[in-house]
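One structure below.
Convention: sequence-line order gives letters A, B, ...; per-chain numbering from 1. Fair warning: this is a prediction, and the values are worked out from it, not measured in the lab.
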Amino acid sequence: MSGILVISEHRQGELTPASLECITAARQLKAEKNQPLMVAVLASDSDKYAERLNLEGVDEIVRITTPEDEFQTDTYEAAISALISERGPTVVLVPHSVDAWIYAPVIAARENFGFATDVFGIRYEGDELVATRAAYAEKIHMELDFPGKNTVLLTVRGNTFKPAEGAGSAEVTDFALPDSETHSQHLEYIEPEAGGDVDISQAEFMLSIGRGIDDEDNVEEFQELADTMGFTLGCSRPIADSGWLPKSRQVGQSGKTVSNCDVYIAMGISGSVQHMAGMKHVPNIIAVNKDPEASIFSIARYGVVADLFEIADELRNNFE
Amino acid sequence: MKILVPVKQIAALDEDFELLEDGSGVDPDYLDYELNEWDDYSYEEALRIMEANEGEDVEVVPVTVGPEEADDALRRCLAKGGERGIRIWDDAIEGSDPSAIARILAKVVEREQPDVVFAGTLSSDHAFAQTGMTIAAELGWPHAAVVNHLELKPGDAKATIHRELEGGLEDRMTIDLPAVLTIQLGINEPRYASLRGIKQAKRKEIEVLSHADLGLADDDVGVQGSLSRLRRMVMPEKGQAELIEGTSAEQAARLTEIIKELKGVA
(Lines give C-alpha, C1' and ligand atoms only; values in the text may rest on other atoms or scores of the structure.)
Protein backbone atom coordinates (compact mmCIF):
# COMPACT_ATOMS: atom_id res chain seq x y z
CA MET A 1 0.00 0.00 0.00
CA SER A 2 1.57 3.24 -1.09
CA GLY A 3 0.77 6.48 -2.84
CA ILE A 4 -1.57 9.43 -2.65
CA LEU A 5 -4.36 9.67 -5.20
CA VAL A 6 -6.29 12.82 -6.11
CA ILE A 7 -9.52 12.57 -8.08
CA SER A 8 -9.82 15.70 -10.21
CA GLU A 9 -13.19 17.05 -11.27
CA HIS A 10 -14.38 19.20 -14.12
CA ARG A 11 -17.63 20.82 -15.17
CA GLN A 12 -18.72 22.31 -18.47
CA GLY A 13 -15.28 21.72 -19.91
CA GLU A 14 -13.24 23.28 -17.08
CA LEU A 15 -11.28 21.65 -14.29
CA THR A 16 -12.64 22.85 -10.96
CA PRO A 17 -10.37 25.00 -8.77
CA ALA A 18 -11.07 22.57 -5.91
CA SER A 19 -9.27 19.83 -7.87
CA LEU A 20 -6.10 21.92 -7.97
CA GLU A 21 -6.48 22.65 -4.25
CA CYS A 22 -6.57 18.90 -3.55
CA ILE A 23 -3.25 18.53 -5.38
CA THR A 24 -1.71 21.08 -2.99
CA ALA A 25 -3.07 19.17 0.00
CA ALA A 26 -1.72 15.93 -1.46
CA ARG A 27 1.67 17.50 -2.08
CA GLN A 28 1.99 18.28 1.62
CA LEU A 29 1.31 14.64 2.49
CA LYS A 30 3.74 13.52 -0.16
CA ALA A 31 6.45 15.70 1.38
CA GLU A 32 5.80 14.14 4.77
CA LYS A 33 5.63 10.49 3.74
CA ASN A 34 7.58 10.44 0.49
CA GLN A 35 4.89 8.64 -1.48
CA PRO A 36 4.13 9.03 -5.19
CA LEU A 37 1.30 11.43 -6.10
CA MET A 38 -1.21 10.29 -8.71
CA VAL A 39 -3.99 12.42 -10.17
CA ALA A 40 -6.89 10.76 -11.98
CA VAL A 41 -9.23 12.41 -14.46
CA LEU A 42 -12.41 10.88 -15.88
CA ALA A 43 -13.64 12.46 -19.10
CA SER A 44 -14.66 11.72 -22.67
CA ASP A 45 -11.61 13.65 -23.88
CA SER A 46 -9.30 13.29 -20.91
CA ASP A 47 -6.27 14.73 -22.76
CA LYS A 48 -7.78 18.17 -22.51
CA TYR A 49 -7.63 18.03 -18.72
CA ALA A 50 -4.54 15.83 -18.35
CA GLU A 51 -2.27 18.52 -19.72
CA ARG A 52 -3.56 21.08 -17.23
CA LEU A 53 -2.99 18.62 -14.36
CA ASN A 54 0.69 18.26 -15.11
CA LEU A 55 1.65 20.33 -12.08
CA GLU A 56 4.68 20.43 -9.86
CA GLY A 57 4.85 17.39 -7.59
CA VAL A 58 2.46 15.22 -9.61
CA ASP A 59 4.16 11.93 -10.51
CA GLU A 60 1.45 10.32 -12.60
CA ILE A 61 -1.69 11.44 -14.36
CA VAL A 62 -4.17 8.61 -14.86
CA ARG A 63 -6.58 9.13 -17.74
CA ILE A 64 -9.87 7.25 -17.62
CA THR A 65 -11.93 7.70 -20.74
CA THR A 66 -15.67 7.78 -20.12
CA PRO A 67 -18.54 7.72 -22.64
CA GLU A 68 -19.87 11.13 -21.54
CA ASP A 69 -17.95 14.16 -20.37
CA GLU A 70 -20.54 14.99 -17.70
CA PHE A 71 -20.36 13.48 -14.25
CA GLN A 72 -22.19 10.16 -13.91
CA THR A 73 -21.99 8.66 -10.46
CA ASP A 74 -22.10 4.92 -11.29
CA THR A 75 -19.25 5.39 -13.77
CA TYR A 76 -17.18 7.39 -11.28
CA GLU A 77 -17.79 4.88 -8.49
CA ALA A 78 -16.83 1.86 -10.60
CA ALA A 79 -13.74 3.48 -12.10
CA ILE A 80 -12.39 5.01 -8.89
CA SER A 81 -12.97 1.81 -6.88
CA ALA A 82 -11.15 -0.25 -9.53
CA LEU A 83 -8.26 2.22 -9.73
CA ILE A 84 -7.83 2.27 -5.96
CA SER A 85 -7.89 -1.50 -5.71
CA GLU A 86 -5.23 -1.81 -8.42
CA ARG A 87 -2.90 0.92 -7.14
CA GLY A 88 -3.51 0.68 -3.40
CA PRO A 89 -3.04 4.32 -2.36
CA THR A 90 -3.00 5.02 1.38
CA VAL A 91 -4.81 8.34 1.00
CA VAL A 92 -7.35 9.44 -1.59
CA LEU A 93 -8.29 13.13 -1.73
CA VAL A 94 -11.31 14.43 -3.63
CA PRO A 95 -12.95 17.88 -3.58
CA HIS A 96 -15.85 18.33 -1.14
CA SER A 97 -18.01 19.12 -4.16
CA VAL A 98 -21.65 18.42 -4.87
CA ASP A 99 -20.57 15.62 -7.24
CA ALA A 100 -18.32 14.07 -4.58
CA TRP A 101 -21.19 14.24 -2.10
CA ILE A 102 -22.69 11.48 -4.21
CA TYR A 103 -19.81 9.22 -5.15
CA ALA A 104 -17.36 9.56 -2.24
CA PRO A 105 -19.54 8.09 0.57
CA VAL A 106 -20.59 5.25 -1.74
CA ILE A 107 -17.03 4.24 -2.64
CA ALA A 108 -15.92 4.46 1.00
CA ALA A 109 -18.80 2.32 2.23
CA ARG A 110 -18.47 -0.35 -0.47
CA GLU A 111 -14.71 -0.66 -0.12
CA ASN A 112 -14.59 -0.22 3.66
CA PHE A 113 -12.15 2.71 3.46
CA GLY A 114 -11.56 5.15 6.27
CA PHE A 115 -13.72 8.16 5.42
CA ALA A 116 -14.37 11.74 6.44
CA THR A 117 -15.95 14.67 4.63
CA ASP A 118 -15.37 18.42 4.48
CA VAL A 119 -11.87 18.09 5.88
CA PHE A 120 -9.63 21.17 6.16
CA GLY A 121 -6.74 19.76 8.19
CA ILE A 122 -4.79 16.59 7.31
CA ARG A 123 -1.71 15.49 9.21
CA TYR A 124 0.16 12.44 10.42
CA GLU A 125 0.70 11.67 14.05
CA GLY A 126 3.36 9.00 13.67
CA ASP A 127 1.86 6.66 11.10
CA GLU A 128 -1.69 7.59 12.01
CA LEU A 129 -3.56 9.91 9.67
CA VAL A 130 -5.64 12.54 11.52
CA ALA A 131 -8.27 14.62 9.74
CA THR A 132 -9.79 17.83 11.13
CA ARG A 133 -13.26 19.05 10.21
CA ALA A 134 -15.84 21.32 11.81
CA ALA A 135 -19.16 20.69 13.52
CA TYR A 136 -21.91 22.75 15.13
CA ALA A 137 -21.87 25.58 12.59
CA GLU A 138 -18.06 25.84 12.69
CA LYS A 139 -18.01 26.47 16.44
CA ILE A 140 -16.21 23.22 17.22
CA HIS A 141 -13.52 21.27 15.42
CA MET A 142 -13.50 17.49 15.44
CA GLU A 143 -10.38 15.40 14.93
CA LEU A 144 -10.95 11.99 13.40
CA ASP A 145 -8.72 9.00 12.86
CA PHE A 146 -9.22 5.76 10.99
CA PRO A 147 -7.97 2.78 12.99
CA GLY A 148 -7.22 -0.33 10.97
CA LYS A 149 -7.96 1.23 7.57
CA ASN A 150 -5.34 0.73 4.84
CA THR A 151 -6.89 3.37 2.60
CA VAL A 152 -8.48 6.61 3.80
CA LEU A 153 -10.73 8.66 1.51
CA LEU A 154 -11.19 12.32 2.41
CA THR A 155 -13.28 15.05 0.81
CA VAL A 156 -11.39 18.33 1.09
CA ARG A 157 -13.06 21.67 1.90
CA GLY A 158 -12.77 24.27 -0.85
CA ASN A 159 -10.75 27.48 -0.45
CA THR A 160 -8.59 25.84 2.22
CA PHE A 161 -5.48 25.01 0.21
CA LYS A 162 -4.11 27.21 -2.55
CA PRO A 163 -4.60 25.82 -6.08
CA ALA A 164 -1.46 23.96 -7.21
CA GLU A 165 0.80 25.76 -9.66
CA GLY A 166 4.10 25.17 -11.39
CA ALA A 167 4.91 22.93 -14.32
CA GLY A 168 5.34 19.24 -13.56
CA SER A 169 6.88 16.27 -15.27
CA ALA A 170 4.24 13.63 -14.66
CA GLU A 171 3.99 10.40 -16.55
CA VAL A 172 0.62 10.07 -18.29
CA THR A 173 -1.01 6.65 -18.18
CA ASP A 174 -4.39 5.18 -19.10
CA PHE A 175 -6.68 3.10 -16.96
CA ALA A 176 -9.47 1.15 -18.62
CA LEU A 177 -12.99 2.03 -17.55
CA PRO A 178 -14.56 -1.04 -15.92
CA ASP A 179 -18.06 -2.09 -16.95
CA SER A 180 -20.83 -0.67 -14.84
CA GLU A 181 -24.57 -0.30 -15.10
CA THR A 182 -25.70 3.30 -15.03
CA HIS A 183 -28.88 4.27 -13.24
CA SER A 184 -29.06 7.99 -13.91
CA GLN A 185 -28.84 10.11 -16.99
CA HIS A 186 -27.71 13.75 -17.26
CA LEU A 187 -30.15 15.73 -19.43
CA GLU A 188 -28.95 19.33 -19.31
CA TYR A 189 -27.45 22.05 -17.17
CA ILE A 190 -29.75 24.85 -16.15
CA GLU A 191 -27.96 28.16 -15.69
CA PRO A 192 -28.97 30.27 -12.69
CA GLU A 193 -31.43 33.06 -13.38
CA ALA A 194 -29.81 36.28 -14.45
CA GLY A 195 -29.63 38.91 -11.72
CA GLY A 196 -32.11 41.34 -13.21
CA ASP A 197 -30.96 44.78 -12.17
CA VAL A 198 -27.84 43.91 -10.18
CA ASP A 199 -24.89 41.56 -10.54
CA ILE A 200 -23.63 41.22 -6.98
CA SER A 201 -20.45 39.50 -8.15
CA GLN A 202 -19.39 42.90 -9.47
CA ALA A 203 -20.35 44.94 -6.39
CA GLU A 204 -17.55 46.69 -4.52
CA PHE A 205 -19.55 47.40 -1.36
CA MET A 206 -22.00 44.81 -0.08
CA LEU A 207 -24.42 44.76 2.81
CA SER A 208 -25.78 41.25 3.29
CA ILE A 209 -28.62 40.18 5.52
CA GLY A 210 -29.35 36.78 7.04
CA ARG A 211 -31.74 34.94 9.27
CA GLY A 212 -31.24 37.57 11.99
CA ILE A 213 -33.58 40.01 10.24
CA ASP A 214 -36.43 37.75 11.41
CA ASP A 215 -39.23 38.89 9.13
CA GLU A 216 -39.86 39.67 5.47
CA ASP A 217 -41.24 43.08 6.47
CA ASN A 218 -37.77 44.06 7.67
CA VAL A 219 -36.12 43.57 4.28
CA GLU A 220 -37.18 47.01 3.10
CA GLU A 221 -35.48 48.72 6.03
CA PHE A 222 -32.16 47.10 5.09
CA GLN A 223 -32.65 47.90 1.42
CA GLU A 224 -33.03 51.54 2.43
CA LEU A 225 -29.98 51.35 4.66
CA ALA A 226 -27.91 49.84 1.83
CA ASP A 227 -29.10 52.55 -0.57
CA THR A 228 -28.31 55.31 1.92
CA MET A 229 -24.82 53.96 2.48
CA GLY A 230 -24.14 53.31 -1.20
CA PHE A 231 -23.95 49.55 -0.69
CA THR A 232 -25.47 46.70 -2.72
CA LEU A 233 -27.90 44.50 -0.80
CA GLY A 234 -27.14 40.77 -0.71
CA CYS A 235 -28.28 37.91 1.48
CA SER A 236 -27.57 34.44 2.83
CA ARG A 237 -29.44 31.33 1.76
CA PRO A 238 -32.45 31.38 4.12
CA ILE A 239 -33.49 34.82 2.85
CA ALA A 240 -33.43 33.68 -0.79
CA ASP A 241 -35.09 30.33 0.03
CA SER A 242 -37.94 32.20 1.72
CA GLY A 243 -38.32 34.36 -1.37
CA TRP A 244 -37.63 37.57 0.57
CA LEU A 245 -34.94 38.50 -1.95
CA PRO A 246 -34.30 36.99 -5.40
CA LYS A 247 -31.84 34.07 -5.67
CA SER A 248 -29.53 36.35 -7.67
CA ARG A 249 -28.83 38.26 -4.43
CA GLN A 250 -27.61 35.16 -2.60
CA VAL A 251 -23.94 35.03 -1.62
CA GLY A 252 -22.34 31.61 -1.14
CA GLN A 253 -21.58 28.23 -2.59
CA SER A 254 -24.92 27.78 -4.34
CA GLY A 255 -25.27 31.51 -4.97
CA LYS A 256 -22.68 34.03 -6.10
CA THR A 257 -19.10 34.70 -5.12
CA VAL A 258 -18.60 38.41 -4.52
CA SER A 259 -15.30 38.47 -6.35
CA ASN A 260 -15.09 42.23 -6.73
CA CYS A 261 -16.05 43.17 -3.20
CA ASP A 262 -13.86 45.36 -0.97
CA VAL A 263 -16.15 45.96 2.02
CA TYR A 264 -18.70 43.34 3.12
CA ILE A 265 -21.06 44.03 5.99
CA ALA A 266 -22.78 40.85 7.24
CA MET A 267 -25.84 41.62 9.36
CA GLY A 268 -27.56 38.78 11.16
CA ILE A 269 -25.55 36.16 9.26
CA SER A 270 -24.04 33.50 11.50
CA GLY A 271 -21.61 32.35 8.82
CA SER A 272 -22.18 28.85 7.45
CA VAL A 273 -19.33 27.33 5.45
CA GLN A 274 -21.52 27.61 2.38
CA HIS A 275 -22.03 31.35 2.86
CA MET A 276 -18.40 32.01 3.73
CA ALA A 277 -17.30 30.23 0.54
CA GLY A 278 -18.74 33.17 -1.37
CA MET A 279 -17.25 36.03 0.67
CA LYS A 280 -14.42 35.05 2.99
CA HIS A 281 -11.82 36.40 0.54
CA VAL A 282 -13.15 39.97 0.96
CA PRO A 283 -10.42 42.11 2.60
CA ASN A 284 -12.76 44.14 4.84
CA ILE A 285 -15.48 42.06 6.46
CA ILE A 286 -17.64 43.69 9.13
CA ALA A 287 -19.90 41.36 11.08
CA VAL A 288 -22.89 42.47 13.14
CA ASN A 289 -24.48 39.67 15.12
CA LYS A 290 -26.04 39.23 18.54
CA ASP A 291 -24.32 35.85 19.06
CA PRO A 292 -20.71 36.46 20.13
CA GLU A 293 -19.88 32.87 19.14
CA ALA A 294 -21.17 33.24 15.57
CA SER A 295 -18.58 31.80 13.20
CA ILE A 296 -18.72 34.89 10.97
CA PHE A 297 -16.55 36.64 13.59
CA SER A 298 -13.76 34.16 12.89
CA ILE A 299 -13.20 35.68 9.44
CA ALA A 300 -14.26 39.29 10.11
CA ARG A 301 -11.89 42.24 10.36
CA TYR A 302 -14.34 44.16 12.57
CA GLY A 303 -16.96 42.62 14.81
CA VAL A 304 -19.99 44.19 16.47
CA VAL A 305 -21.90 42.10 18.99
CA ALA A 306 -25.23 43.90 19.16
CA ASP A 307 -28.87 44.00 18.17
CA LEU A 308 -28.70 44.48 14.43
CA PHE A 309 -31.85 46.60 14.25
CA GLU A 310 -30.42 49.13 16.71
CA ILE A 311 -27.18 49.28 14.74
CA ALA A 312 -29.09 49.62 11.48
CA ASP A 313 -31.12 52.57 12.86
CA GLU A 314 -28.02 54.34 14.08
CA LEU A 315 -26.16 53.74 10.83
CA ARG A 316 -29.02 55.14 8.79
CA ASN A 317 -29.03 58.30 10.88
CA ASN A 318 -25.27 58.65 10.51
CA PHE A 319 -25.28 58.23 6.75
CA GLU A 320 -28.34 60.31 5.96
CA MET B 1 -46.37 3.52 -2.84
CA LYS B 2 -44.23 3.94 0.23
CA ILE B 3 -41.74 6.74 0.99
CA LEU B 4 -39.30 6.21 3.84
CA VAL B 5 -37.86 9.40 5.32
CA PRO B 6 -34.84 9.06 7.63
CA VAL B 7 -34.73 12.03 10.01
CA LYS B 8 -32.36 13.14 12.74
CA GLN B 9 -32.79 14.78 16.10
CA ILE B 10 -29.85 17.19 16.00
CA ALA B 11 -28.09 18.97 18.81
CA ALA B 12 -27.75 22.75 18.70
CA LEU B 13 -25.34 24.66 20.90
CA ASP B 14 -26.42 27.22 23.45
CA GLU B 15 -24.76 30.61 23.15
CA ASP B 16 -22.34 29.64 25.89
CA PHE B 17 -21.18 26.07 25.75
CA GLU B 18 -18.38 23.91 27.06
CA LEU B 19 -16.71 20.77 25.86
CA LEU B 20 -16.46 17.73 28.09
CA GLU B 21 -13.03 17.53 29.71
CA ASP B 22 -12.08 14.37 27.82
CA GLY B 23 -12.86 16.04 24.49
CA SER B 24 -15.44 13.41 23.58
CA GLY B 25 -18.11 15.98 22.86
CA VAL B 26 -20.05 18.96 24.05
CA ASP B 27 -21.26 19.04 27.64
CA PRO B 28 -24.91 17.98 27.17
CA ASP B 29 -26.05 20.72 29.57
CA TYR B 30 -25.40 23.18 26.75
CA LEU B 31 -27.27 21.35 24.02
CA ASP B 32 -30.80 21.84 22.74
CA TYR B 33 -32.37 19.18 20.57
CA GLU B 34 -34.45 19.77 17.49
CA LEU B 35 -35.39 18.21 14.16
CA ASN B 36 -32.66 18.68 11.55
CA GLU B 37 -33.63 21.57 9.28
CA TRP B 38 -33.03 19.58 6.07
CA ASP B 39 -35.39 16.86 7.27
CA ASP B 40 -38.24 19.35 7.43
CA TYR B 41 -37.86 19.69 3.66
CA SER B 42 -37.45 15.99 2.87
CA TYR B 43 -40.51 15.11 4.95
CA GLU B 44 -42.53 17.90 3.33
CA GLU B 45 -41.57 16.63 -0.11
CA ALA B 46 -42.83 13.16 0.81
CA LEU B 47 -46.11 14.55 2.20
CA ARG B 48 -46.66 16.54 -0.99
CA ILE B 49 -46.38 13.39 -3.11
CA MET B 50 -48.84 11.70 -0.76
CA GLU B 51 -51.32 14.58 -1.01
CA ALA B 52 -50.95 15.04 -4.77
CA ASN B 53 -51.90 11.39 -5.27
CA GLU B 54 -54.88 10.88 -2.99
CA GLY B 55 -56.55 7.56 -3.65
CA GLU B 56 -53.23 6.01 -4.70
CA ASP B 57 -52.45 4.81 -1.19
CA VAL B 58 -49.14 6.59 -0.66
CA GLU B 59 -47.62 5.94 2.76
CA VAL B 60 -44.97 8.19 4.35
CA VAL B 61 -42.92 6.71 7.19
CA PRO B 62 -40.34 8.69 9.22
CA VAL B 63 -37.48 6.69 10.73
CA THR B 64 -34.71 7.76 13.08
CA VAL B 65 -31.72 6.28 14.87
CA GLY B 66 -31.44 7.67 18.37
CA PRO B 67 -32.34 7.32 22.05
CA GLU B 68 -35.84 7.79 23.43
CA GLU B 69 -35.64 11.58 23.20
CA ALA B 70 -35.43 11.23 19.42
CA ASP B 71 -39.13 10.30 19.48
CA ASP B 72 -39.65 14.07 19.46
CA ALA B 73 -38.21 14.29 15.96
CA LEU B 74 -40.57 11.56 14.76
CA ARG B 75 -43.58 13.18 16.43
CA ARG B 76 -42.73 16.52 14.88
CA CYS B 77 -42.98 14.79 11.51
CA LEU B 78 -46.08 12.79 12.39
CA ALA B 79 -47.82 16.00 13.49
CA LYS B 80 -47.82 17.00 9.83
CA GLY B 81 -48.84 13.64 8.35
CA GLY B 82 -48.10 9.94 8.30
CA GLU B 83 -49.47 7.32 10.67
CA ARG B 84 -46.45 5.61 12.22
CA GLY B 85 -42.75 6.03 12.82
CA ILE B 86 -39.74 3.79 13.49
CA ARG B 87 -36.91 4.40 15.93
CA ILE B 88 -33.81 2.22 16.28
CA TRP B 89 -31.62 2.36 19.34
CA ASP B 90 -29.62 0.34 21.84
CA ASP B 91 -26.38 0.94 23.70
CA ALA B 92 -24.22 -0.75 21.06
CA ILE B 93 -25.18 1.97 18.56
CA GLU B 94 -23.49 4.67 20.69
CA GLY B 95 -20.38 6.01 18.92
CA SER B 96 -21.63 5.15 15.41
CA ASP B 97 -20.42 7.42 12.62
CA PRO B 98 -22.73 8.16 9.67
CA SER B 99 -21.67 4.99 7.86
CA ALA B 100 -22.82 2.79 10.75
CA ILE B 101 -26.05 4.80 11.10
CA ALA B 102 -26.63 4.30 7.36
CA ARG B 103 -26.09 0.53 7.70
CA ILE B 104 -28.89 0.45 10.27
CA LEU B 105 -31.18 2.56 8.10
CA ALA B 106 -30.48 0.33 5.08
CA LYS B 107 -31.76 -2.62 7.13
CA VAL B 108 -34.95 -0.68 7.81
CA VAL B 109 -35.29 -0.09 4.07
CA GLU B 110 -34.95 -3.84 3.43
CA ARG B 111 -37.65 -4.50 5.99
CA GLU B 112 -40.06 -1.76 4.88
CA GLN B 113 -39.48 -2.08 1.11
CA PRO B 114 -40.24 1.54 0.23
CA ASP B 115 -40.31 2.76 -3.39
CA VAL B 116 -38.09 5.71 -2.62
CA VAL B 117 -36.06 7.08 0.31
CA PHE B 118 -35.78 10.84 0.93
CA ALA B 119 -33.04 11.86 3.35
CA GLY B 120 -31.81 15.33 4.26
CA THR B 121 -28.73 16.47 2.33
CA LEU B 122 -26.86 16.94 5.59
CA SER B 123 -27.45 17.51 9.27
CA SER B 124 -26.84 20.89 10.81
CA ASP B 125 -24.85 19.53 13.77
CA HIS B 126 -22.09 17.36 12.27
CA ALA B 127 -22.69 18.15 8.60
CA PHE B 128 -21.05 15.04 7.12
CA ALA B 129 -23.48 14.91 4.15
CA GLN B 130 -22.83 11.18 4.15
CA THR B 131 -25.74 9.19 5.57
CA GLY B 132 -28.15 9.28 2.64
CA MET B 133 -25.70 8.14 -0.03
CA THR B 134 -24.30 5.48 2.29
CA ILE B 135 -27.78 3.97 2.68
CA ALA B 136 -27.83 3.64 -1.12
CA ALA B 137 -24.36 2.06 -1.09
CA GLU B 138 -25.49 -0.56 1.43
CA LEU B 139 -28.55 -1.38 -0.69
CA GLY B 140 -26.98 -1.07 -4.14
CA TRP B 141 -29.75 1.40 -5.06
CA PRO B 142 -29.58 4.31 -7.51
CA HIS B 143 -28.80 7.54 -5.69
CA ALA B 144 -28.45 11.28 -6.08
CA ALA B 145 -27.64 14.08 -3.64
CA VAL B 146 -28.61 17.73 -3.15
CA VAL B 147 -31.92 17.46 -5.01
CA ASN B 148 -33.77 20.79 -5.24
CA HIS B 149 -36.48 19.84 -7.71
CA LEU B 150 -38.31 16.56 -8.03
CA GLU B 151 -40.92 15.08 -10.36
CA LEU B 152 -42.18 11.72 -9.16
CA LYS B 153 -45.57 9.92 -9.14
CA PRO B 154 -46.61 6.53 -7.81
CA GLY B 155 -45.81 3.80 -10.33
CA ASP B 156 -43.05 5.78 -12.09
CA ALA B 157 -39.98 3.77 -13.17
CA LYS B 158 -37.83 6.91 -13.17
CA ALA B 159 -37.87 10.28 -11.45
CA THR B 160 -36.77 13.55 -13.01
CA ILE B 161 -34.69 15.62 -10.63
CA HIS B 162 -32.50 18.69 -10.45
CA ARG B 163 -29.29 18.56 -8.48
CA GLU B 164 -28.18 21.92 -7.09
CA LEU B 165 -24.55 22.39 -8.12
CA GLU B 166 -22.01 25.05 -7.18
CA GLY B 167 -22.77 28.63 -8.21
CA GLY B 168 -26.50 28.03 -8.59
CA LEU B 169 -26.10 25.80 -11.66
CA GLU B 170 -28.54 22.88 -11.77
CA ASP B 171 -28.13 19.40 -13.26
CA ARG B 172 -31.42 18.16 -14.71
CA MET B 173 -31.34 14.39 -14.83
CA THR B 174 -33.39 11.22 -14.63
CA ILE B 175 -32.81 8.49 -12.10
CA ASP B 176 -34.12 4.92 -11.93
CA LEU B 177 -36.38 3.91 -9.05
CA PRO B 178 -36.24 2.71 -6.36
CA ALA B 179 -33.65 5.28 -5.33
CA VAL B 180 -32.24 7.17 -2.38
CA LEU B 181 -32.35 10.94 -2.85
CA THR B 182 -31.03 13.59 -0.49
CA ILE B 183 -33.16 16.70 -0.43
CA GLN B 184 -31.84 20.27 -0.33
CA LEU B 185 -33.23 23.28 1.52
CA GLY B 186 -35.56 25.43 -0.55
CA ILE B 187 -37.08 22.58 -2.60
CA ASN B 188 -40.43 23.47 -0.99
CA GLU B 189 -41.83 25.51 1.86
CA PRO B 190 -42.34 23.19 4.80
CA ARG B 191 -45.70 23.59 6.51
CA TYR B 192 -46.23 24.22 10.19
CA ALA B 193 -47.93 21.52 12.22
CA SER B 194 -51.45 22.31 13.41
CA LEU B 195 -52.30 22.05 17.11
CA ARG B 196 -54.63 19.22 16.23
CA GLY B 197 -51.84 17.47 14.33
CA ILE B 198 -49.46 17.83 17.27
CA LYS B 199 -52.08 16.33 19.58
CA GLN B 200 -52.83 13.45 17.24
CA ALA B 201 -49.11 12.70 16.77
CA LYS B 202 -48.82 11.86 20.47
CA ARG B 203 -51.01 8.82 19.92
CA LYS B 204 -49.37 7.59 16.72
CA GLU B 205 -47.39 4.38 16.86
CA ILE B 206 -43.62 4.45 17.11
CA GLU B 207 -42.03 1.05 16.63
CA VAL B 208 -38.76 0.70 18.56
CA LEU B 209 -36.13 -1.73 17.29
CA SER B 210 -32.58 -2.70 18.23
CA HIS B 211 -29.73 -3.40 15.83
CA ALA B 212 -30.18 -7.10 16.59
CA ASP B 213 -33.87 -6.95 15.63
CA LEU B 214 -32.67 -5.84 12.20
CA GLY B 215 -30.24 -8.75 11.91
CA LEU B 216 -27.10 -6.70 12.52
CA ALA B 217 -24.19 -7.97 14.61
CA ASP B 218 -22.65 -5.93 17.44
CA ASP B 219 -19.60 -5.02 15.37
CA ASP B 220 -21.74 -3.77 12.47
CA VAL B 221 -22.61 -0.72 14.59
CA GLY B 222 -20.88 1.66 17.00
CA VAL B 223 -17.21 2.52 16.57
CA GLN B 224 -16.50 -1.02 15.27
CA GLY B 225 -18.91 -0.57 12.40
CA SER B 226 -17.67 2.93 11.52
CA LEU B 227 -15.26 4.29 8.92
CA SER B 228 -13.91 6.97 11.26
CA ARG B 229 -13.36 7.44 14.96
CA LEU B 230 -13.66 10.66 16.90
CA ARG B 231 -10.34 11.42 18.60
CA ARG B 232 -11.49 14.57 20.27
CA MET B 233 -13.41 17.77 19.84
CA VAL B 234 -11.55 21.04 20.26
CA MET B 235 -12.41 24.72 20.27
CA PRO B 236 -11.09 26.46 17.17
CA GLU B 237 -8.74 29.39 17.62
CA LYS B 238 -10.56 32.66 17.88
CA GLY B 239 -10.49 34.93 14.86
CA GLN B 240 -8.63 38.21 14.76
CA ALA B 241 -11.73 40.42 14.54
CA GLU B 242 -11.35 43.78 16.23
CA LEU B 243 -14.40 43.96 18.46
CA ILE B 244 -16.18 47.29 18.58
CA GLU B 245 -17.65 47.78 22.05
CA GLY B 246 -19.94 50.29 23.72
CA THR B 247 -23.59 51.23 23.44
CA SER B 248 -25.32 50.70 20.11
CA ALA B 249 -24.89 54.40 19.34
CA GLU B 250 -21.18 54.26 20.14
CA GLN B 251 -20.71 51.06 18.17
CA ALA B 252 -22.54 52.52 15.17
CA ALA B 253 -20.56 55.77 15.37
CA ARG B 254 -17.27 53.88 15.23
CA LEU B 255 -18.62 51.64 12.47
CA THR B 256 -19.61 54.72 10.48
CA GLU B 257 -16.07 56.06 10.70
CA ILE B 258 -14.64 52.72 9.60
CA ILE B 259 -17.04 52.35 6.69
CA LYS B 260 -16.47 55.92 5.48
CA GLU B 261 -12.73 55.42 5.66
CA LEU B 262 -12.88 52.12 3.79
CA LYS B 263 -15.08 53.68 1.14
CA GLY B 264 -12.62 56.54 0.84
CA VAL B 265 -15.18 59.24 1.62
CA ALA B 266 -13.99 60.20 5.10
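Looking at A:A134, only its backbone comes within 4.5 Å of chain B, counting heavy atoms on both sides. Interface residue A:V288: only side-chain heavy atoms are found under 4.5 Å from chain B. For A:D307, no part sits under 4.5 Å from any heavy atom of chain B, backbone or side chain. Looking at A:A108, both its backbone and its side chain come within 4.5 Å of chain B, counting heavy atoms on both sides. Interface residue A:I286: only side-chain heavy atoms are found under 4.5 Å from chain B. With a 4.5 angstrom heavy-atom cutoff, A:Y103 does not touch chain B via any of its atoms. At a 4.5 Å heavy-atom cutoff, the contact between A:E128 and chain B is made by side-chain atoms alone.
A donor-acceptor pair under 3.5 Å is formed between the side chain of A:T117 and the backbone N or O of B:F128. B:R231 places no side-chain N or O within 3.5 Å of a backbone atom of A:A131 that could act as its donor or acceptor partner. Although no hydrogens or angles enter the test, the distance criterion places no donor-acceptor pair under 3.5 Å between the side chain of A:E310 and the main chain of B:A252. Using modelled atom types, no side-chain atom of A:E293 and backbone atom of B:D16 make a donor-acceptor pair closer than 3.5 Å.
Among all heavy-atom pairs drawn from A:L144 and B:L230, the shortest one is CD2-CA, 3.7 Å. A:V98 approaches B:E166 most closely through the heavy-atom pair N-OE2, 2.9 Å. In terms of heavy-atom proximity, A:P192 sits nearest to B:G168 at CB-O, 3.7 Å. Closest of all the heavy-atom pairs between A:T182 and B:D176 is O-OD2, 4.2 Å. Here the shortest heavy-atom pairing between A:A135 and B:H126 reads CB-CD2, 3.9 Å.
At a threshold of 4.0 Å, the pair A:E125-B:R232 does not count as salt-bridged, since none of the basic side-chain nitrogens sits closer than that to a carboxylate oxygen. The pair A:D99-B:R163 counts as a salt bridge, with a side-chain nitrogen and a carboxylate oxygen less than 4.0 angstrom apart. Of the charged side-chain nitrogens involved, at least one lies within less than 4.0 Å of a carboxylate oxygen, so that B:E164 and A:R237 count as a salt-bridged pair.
Figure legend: cation-pi geometry between B:K263 and A:F205, with NZ or CZ positioned under 6.0 Å from the six-membered ring centre and within 45° of its axis.
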